[in-house]
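Structure first, then comments.
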Amino acid sequence: MRKGTHPAYGPVVFRDRAANHAFLTRSTMTSDKTIEWGDGAAYPVVDVEISDVSHPFHTGTARVLDTAGRVERFERRYGKRGAA
């Protein structure tokens, strides 16, 4: 690789604030905040809103929307459009 063209690639901790879960991986992302990991070393930490631990699809709490019945439900609530 040519020097100076690629971002620094190193260990980073991603922390899911919703599920209070963190995992150590390698990334080009950086942060001014650090966290002490289980091995005693301090790593930069990046806070994320959602990860596989808290995402509804992975946790099994996802809801399926019925798109076919939406028009019929709207027509029941507000009535069908009359001919002008």
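Only a predicted model underlies this, so the values are computations on that prediction, with no experimental measurement involved. Both backbone and side-chain heavy atoms feed into the values below; hydrogens, waters and symmetry mates do not.
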Contacts under 3.5 angstrom, residues 33-41 side chains, donor-acceptor by atom type, not counting sequence neighbours:
| from | atom 1 | to | atom 2 | distance (Å) |
| --- | --- | --- | --- | --- |
| K33 | NZ | D47 | OD2 | 2.8 |
| D39 | OD1 | A41 | N | 3.1 |
| D39 | OD2 | Y43 | OH | 2.8 |

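Annotation: side chain of V13 is not in contact with side chain of F23 (no heavy-atom distance under 4.5 Å).
In terms of heavy-atom proximity, S31 sits nearest to P44 at O-CB, 4.0 Å. Between L24 and P11, the shortest heavy-atom contact is CD1-CB, 4.1 Å.
Note: R15 CZ to H21 NE2 = 12.5 Å, rounded to the nearest 0.5 Å.
V45 and M29 fall into different hydrophobic clusters, where Ile, Leu, Val, Met, Phe, Trp and Tyr are joined by side-chain heavy atoms under 4.5 Å apart, directly or via other members.
With sequence neighbours excluded, the residues satisfying side-chain contact (heavy atoms from CB on, under 4.5 Å) with Y9 are R26, T28.
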